[in-house]
Amino acid sequence: MTNTPTIMILMATYNGEHYIKEQLDSLLRQTYTNWKLMIRDDGSADNTIAIATGYTHRHTNISLQINHTSIKGARSNFAALYDMAAKSNDTRYIMFCDQDDIWLPEKIEKTLATMQEAEIQYPTVPIMVYGNLELMTSSGGFLDEQIRLMPRMDFNHTIAQNYAFGCTMMINKPLITAIDHIPTEAQNHDYWISLTATALGRAVYISEKLIRYRQHELNVTAQGAGFKKRIVRFTTGFKRQLTAFRSQITMLEKFLHIFDGKLTDDKKLMLESYLKAYRTGRLALLRVMKKHKIYKLGLMQNIGLLYTVMLFYKKLNPGMGDEREL
């Protein structure tokens with residue numbers, strides 16, 4: 001088996017004319033050169049398609065497809081890309097690429113090296129490598145903020161929240177096979193991948209920052225920024241958070257349905273207990289969260305989680321009456 005396998009990179013694009021060239025150029029500067037890039041555009045109305053087409057004409061390892069269906073959005077776009085890549089028997093490793101970031105030159109090389117070291121330690125095991133990132137402003141300037149990530153990410157952590165950004169991921173063949181398909185119930189592709197990796201295999205962290213991650217005004221991550229910005233996000237985006245929590249439960253229910261027979265007994269019990277408690281009442285939910293350590297990273301996020309469960313449980317679970325366990 002070759003030590004220089006072809007890396008399949010998946011990029012979902014939409015109206016990214018201002019940034020995509022810089023991202024594509026950063027891929028072409030990679031020290032590891034044995035890669036292929038599959039771009040799928042969601043029907044851009046700007047020059048994104050023209051720019052991407054130009055790169056396909058100059059570089060045979062870059063291909064472009066255009067989504068002409070009515071199904072749009074980043075999740076469905078990456079899911080379609082994933083289906084295409086997973087069907088190929090030659091796909092041993094997959095990476096995911098946003099249209100507006102910048103990959104540092106050794107990103108692929110160092111990520112692959114970490115993956116291959118992990119595969120020696122855990123042969124045949126589904127593995128996801130994920131890593132740290134450097135924030136930049138929408139104009140490309142340095143952003144003096146940090147995203148808090150979880151160096152050791154287990155299944156109980158991903159039930160609460162995903163701490164792996166898709167643009168930092170590499171997944172191996174056993175994980176590609178295990179995932180098979182990213183369903184519509186997934187909140188996004190990277191969350192579904194993290195759930196599968198931590199449920200069935202291993203998640204391996206790279207502390208080095210190998211990507212410059214662009215932050216737009218309306219695109220501030222839940223893990224990033226300081227105290228004041230977290231408070232602003234919590235108080236102004238509460239309705240959005242409730243919606244996200246409910247969609248997360250829908251995703252977890254779908255995950256249990258698909259992987260029921262593949263989970264270890266302890267992980268199956270953990271997920272079943274969490275979902276049952278969600279349908280039972282706030283106190284049951286808090287007890288299960290404590291028992292299985294289903295917490296988020298950081299004091300403020302956990303305070304926000306507890307606050308939401310205690311005071312707004314009926315909004316999280318519409319239709320519930322009084323606590324059935326009381």
Side-chain angles (χ1 to χ4, degrees), residues 7-30 35-88 91 94-104 107-108 133-141 143 162 164-171 181-193 210-221 240 243-244 247:
I7 310 300
M8 185 65 73
I9 305 172
L10 309 182
M11 177 189 282
T13 62
Y14 180 70
N15 288 348
E17 65 177 0
H18 297 299
Y19 310 109
I20 187 172
K21 184 179 185 299
E22 197 170 16
Q23 172 66 298
L24 291 173
D25 287 344
S26 76
L27 296 182
L28 295 171
R29 290 193 296 268
Q30 291 295 302
W35 53 266
K36 293 181 180 178
L37 173 65
M38 294 173 57
I39 304 172
R40 187 174 186 267
D41 188 84
D42 232 1
S44 293
D46 63 3
N47 291 319
T48 301
I49 294 174
I51 294 170
T53 300
Y55 278 82
T56 66
H57 290 165
R58 298 189 297 273
H59 305 280
T60 57
N61 58 337
I62 299 177
S63 62
L64 170 66
Q65 293 195 15
I66 301 173
N67 176 20
H68 294 292
T69 74
S70 60
I71 303 173
K72 307 291 185 181
R75 188 214 58 80
S76 60
N77 203 354
F78 271 115
L81 281 164
Y82 187 89
D83 287 344
M84 289 186 284
K87 288 177 182 177
S88 172
T91 302
I94 291 177
M95 300 181 78
F96 303 89
C97 186
D98 293 338
Q99 65 183 2
D100 56 354
D101 298 331
I102 299 174
W103 286 20
L104 300 185
K107 183 180 190 303
I108 299 178
L133 32 73
E134 174 188 312
L135 298 181
M136 63 176 170
T137 64
S138 58
S139 60
L143 188 59
N162 177 34
F165 285 74
C167 57
T168 72
M169 288 179 178
M170 175 183 285
I171 60 177
H181 172 72
I182 300 171
T184 57
E185 291 85 355
Q187 281 191 329
N188 48 58
H189 68 286
D190 42 10
Y191 202 161
W192 189 263
I193 291 167
L210 297 174
I211 180 174
R212 300 192 69 210
Y213 183 75
R214 198 180 302 270
Q215 288 283 275
H216 304 284
E217 285 187 27
L218 299 178
N219 181 34
V220 180
T221 64
R240 185 172 64 251
T243 301
S247 71

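Worth saying up front: this structure is predicted, and the values here are computed from it rather than measured. In this chain, numbering begins with 1 at the start of the sequence shown.
Two residues are said to be in side-chain contact when any heavy atoms from C-beta on lie closer than 4.5 Å; Q23 and C97 meet this criterion. Between L64 and I62 there is no side-chain heavy-atom pair separated by less than 4.5 Å. Residues L81 and H189 have side chains not in contact (no heavy-atom distance under 4.5 Å, counting atoms from C-beta outward). L37 places a side-chain heavy atom less than 4.5 Å from the side chain of L24.
In this structure, S88 contributes its side chain and A85 its backbone to no donor-acceptor pair below 3.5 Å. For the pair K72 (side chain) and N67 (backbone), a donor-acceptor distance under 3.5 Å is present. Between the N47 side chain and the A50 main chain, no donor and acceptor come within less than 3.5 Å of each other. Side-chain atoms of T69 come within 3.5 Å of backbone atoms of I71 as a donor-acceptor pair (strictly under, hydrogens ignored). Counting only distance, with no hydrogens or angles, the side chain of R75 and the backbone of E185 share no donor-acceptor pair below 3.5 Å. Remark: side-chain polar atoms of D98 are not paired, donor with acceptor, to backbone N or O of D100 under 3.5 angstrom. Using a distance-only test at 3.5 Å, with no hydrogens or angles considered, a donor-acceptor pair links the side chain of N61 to the main chain of W35. In terms of modelled atom types and a separation under 3.5 Å, the side chain of R214 and the main chain of S138 share a donor-acceptor contact. Side-chain N or O atoms of D42 include none that pairs as donor or acceptor with a backbone N or O of A74 at under 3.5 Å. A donor-acceptor pair is defined here as one N or O able to donate and one able to accept, closer than 3.5 Å; no such pair exists between the side chain of E17 and the backbone of I51.
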Q. Does the pair I108 and I9 meet the rule for a side chain to side chain contact (heavy atoms under 4.5 Å, CB included), with working shown?
A. CA-CA 10 Å; I108 299 178; I9 305 172; 3.8 Å; yes
Q) When you look at I39 and Q99, which way does the side chain to side chain contact (heavy atoms under 4.5 Å, CB included) test go after all the steps? A) CA-CA 9 Å; I39 304 172; Q99 65 183 2; over 6 Å; no
Q: Take R212 and E22 through the test salt bridge (charged side-chain N to carboxylate O under 4.0 Å, His left out) and record every step on the way to the result.
A: CA-CA 11 Å; R212 300 192 69 210; E22 197 170 16; 5.7 Å; no
Q | Steps toward side chain to side chain contact (heavy atoms under 4.5 Å, CB included) verdict (L28, Y55) | A | CA-CA 10 Å; L28 295 171; Y55 278 82; 3.8 Å; yes
Q.
Between Y14 and T48, is the side chain to side chain contact (heavy atoms under 4.5 Å, CB included) condition met? List the steps.
A. CA-CA 7 Å; Y14 180 70; T48 301; over 6 Å; no
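One finds the NE2 atom of H18 at 12.5 Å from the OG atom of S139 (value rounded to the nearest 0.5 Å). In this structure, the separation between CE on M38 and CE on M11 is 12.5 Å, given to the nearest 0.5 Å. The CD atom of E134 sits 7.0 Å away from atom CG of L104, with the distance rounded to the nearest 0.5 Å. To the nearest 0.5 Å, atom CD1 of residue I171 and atom OG1 of residue T91 are 10.0 Å apart. Distance check: I7 CD1 to K107 NZ gives 10.5 Å after rounding to the nearest 0.5 Å. How far NZ of K36 is from CG of L10: 12.5 Å, rounded to the nearest 0.5 Å.
A perpendicular orientation is assigned to the rings of F78 and F96, their planes being inclined by more than 60° (bins at 30° and 60°).
Within a 6.0 Å sphere centred on CD1 of I66, heavy atoms belonging to other residues, nucleotides or ligands number more than 12. Other residues, nucleotides and ligands contribute more than 12 heavy atoms inside 6.0 Å of the NE2 atom of H59.
A salt bridge links K21 with D25: at least one charged nitrogen is closer than 4.0 Å to a carboxylate oxygen.
A pairwise comparison of heavy atoms in H181 and Y82 identifies N-CE2, 4.3 Å as the closest pair.
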